[in-house]
Every structure is written in structure tokens, then in C-alpha cells.
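Remember, it's a predicted structure, so these values are computed and weren't measured experimentally.
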Amino acid sequence: MSFAKRLAQLRMAKGLSLQQVADKVGISKAHVWNLEKGQADNPSMELVLKFAELFRVPIADLVGENPDAEDHEPEMVAMFRDLKKLEPRDRDIIRGLMEQLNQKSKKDPD
């Protein structure tokens, strides 16, 4: 799940308005709106931390980097666990393969 969608989901689950969230983290209502709509790029780490503290979630969950999160497919979680067991050299090989696949998909989208 994207940061934008997760942010909106967490805000609604807490029953907070855009203005309430903005006031609690010290930004404008418009900035919260833009973040939720994916129209604002790369919030600062300080801001991400404020959101994580406000919603009482790990930063990894907020930014979609937690492989144990409920919205991840079991196969992806298993692959991540397998990856963690590999030696650093082997993880570097996998990282290189992933970079090549990502570059290929950017050049040749289906």
C-alpha cells in the first residue's frame, strides 16, 4: 500500500479531520491533503516520524516497507524472510538482479 493511501486510511480510522492531523503534526491542511492524494513528493523523515507517532504505527508500516504487514502477500513475506537468511554477498547478487529487472520493466512496460 502506498504512503498516500496508508496515511488516508490511518487518518480515517482514527476519525481525524485533515485539519486535526495538520495541527497535530505542524503542517497545513492542504499539505496533508496533497500527501494523501500522492501529489506531494518525499515528505521529510521528520514529518514521517510525526505521522508514525500520531498514528502509533512503525515507520515501516506507514511507508509500506514492512514485509510482515497484513496487506502483503504471504509469498512476498516468505521471500523476504528467505532473503534475510542469505549471506551479505548473496543479498548483493539478488539486489543487482532486482535492479536489472526494475530497469528492464521501466524500459519495456507491459
Discussion item. Quick check: do Leu101 and Met98 have side-chain heavy atoms less than 4.5 Å from each other?
Written reply: no

Worksheet item: Between Ala4 and Gly38, which heavy-atom pair has the shortest distance, and what is it?
Response: CB-N, 3.7 Å

Practice prompt. Provide the full list of salt bridge (charged side-chain N to carboxylate O under 4.0 Å, His left out) pairs with a residue in residues 9-28, sequence neighbours left out, each pair given once.
Written response: Arg11-Glu36

Discussion item. So, taking the atom named CD in Gln19 and the one named OG in Ser28, what distance separates them when rounded to the nearest 0.5 Å?
Written reply: 8.5 Å

Discussion item. For Asn34, give me all partners under side-chain hydrogen bond (donor to acceptor under 3.5 Å, both in side chains), at least two apart in sequence or on another chain.
Written reply: none

Worksheet item: How long is the gap from NZ on Lys37 to CG on Leu35, to the nearest 0.5 Å?
Response: 12.0 Å

Worksheet, complete the sentence: Smallest heavy-atom separation, Lys29 atom then Leu18 atom, equals CG-CB, 3.7 Å

Worksheet item: Salt bridge or not for Arg95 and Asp92, using N-O below 4.0 Å?
Response: yes

Only pairs under 3.5 Å count here: list side-chain donor-acceptor contacts from residues 43-57, not counting sequence neighbours, and write none if there are none.
{"unit_1": "Ser44", "atom_1": "OG", "unit_2": "Leu47", "atom_2": "N", "d": "3.0"}
{"unit_1": "Lys50", "atom_1": "NZ", "unit_2": "Val25", "atom_2": "O", "d": "3.4"}

Item to complete: Nearest 0.5 Å please: distance from the CD atom of Gln9 over to the CG atom of Leu7.
Response: 10.0 Å

